[in-house]
Amino acid sequence: MRNGKKYMKLTAVGAAVLALTLAGCGSNGTTTTAAAPASGTAKQTQTVAAKPPVVHLYMDIMTGKMINKKGWPMISPADFKVPAGATIDLTIRNFDDGTAALPQDAAKYAKVAGTNNNNEKVNGKEITSLNPKDVSHTITFTQLGINIPIPVTSTTEVTFKAPDKPGTYAWQCLAPCGTGKTGMQGPMVTNGYMVGNMTVQ
Ligand SMILES: [Cu+2]
């Protein structure tokens, strides 16, 4: 009797492994019949899917006052990870009601660049640029040619593609929203405030 029980157990494990294998095949093949069962198996199917995923990211911009650090606005999270080649749907909520007018030599960063259709949605409305004097912050990946200008107290939605090549890609805010005479110090040169990294893996 004991042996019989053991045999039954092993068979059950074997069946589970087989089910997972089938689900894995189904996701790559043309038939979808194997991908239908229980939620646990469905999850397994998603992880082996070949298509780069769509990632939804949310960033909040807070004033120094909000975080008890006067003169230190913060974009959070500053550091984040995305899969290589992913489509990134980024929503930025700016709680800062102050502008940091772009100086003439940086006026080009009032223009949206490197995003889908080279545009962004601000409070639901599609735009391709801001007036340089209306910029509150930017999220700029210089290396990738991606520039997202952000006006005061707003919600900005933007879609862009993560690089196919894994690595670390820095972003920074190029609006002089920091400390010092030029507004380019303090948070402007400190990771976790107006500087951060996108890790592509
Ligand atoms: Cu800024």
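For this chain, numbers begin at 1 and follow the sequence in order. Remember, it's 1-based here, ligands and their atoms both numbered in the order they're listed.
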Open item on the list: Working note: K108 + D105, criterion salt bridge (Lys or Arg N to Asp or Glu O under 4.0 Å); need CA distance, chi angles, decisive distance, verdict.
Closed with: CA-CA 8 Å; K108 68 171 178 175; D105 63 349; over 6 Å; no

Task: For the student: nearest non-hydrogen atoms of A162 and P83, plus distance - done: CB-O, 3.8 Å

TODO: Of all the heavy-atom pairs spanning T168 and Q143, show the shortest one and how long it is.
DONE: O-OE1, 4.3 Å

TODO: Indicate yes or no: at least one non-hydrogen side-chain atom of P163 is less than 4.5 angstrom from one of Y169.
DONE: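 A side-chain contact under 4.5 Å exists here.
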
- [ ] Output, by chain and residue number, all protein N/O/S atoms separated from the Cu ion (ligand 1) by less than 2.8 Å.
- [x]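 Less than 2.8 Å away from the Cu ion (ligand 1) sit H137 ND1, C173 SG, C177 SG, M194 SD.
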
Open item on the list: Over 60° means perpendicular and under 30° means parallel, so tell me whether F141 and F80 are parallel, tilted or perpendicular.
Closed with: perpendicular

Open item on the list: Can you confirm whether the side chains of D60 and S76 place a donor and an acceptor under 3.5 Å from each other?
Closed with: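 No, S76 and D60 have no side-chain donor paired with an acceptor closer than 3.5 Å.
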
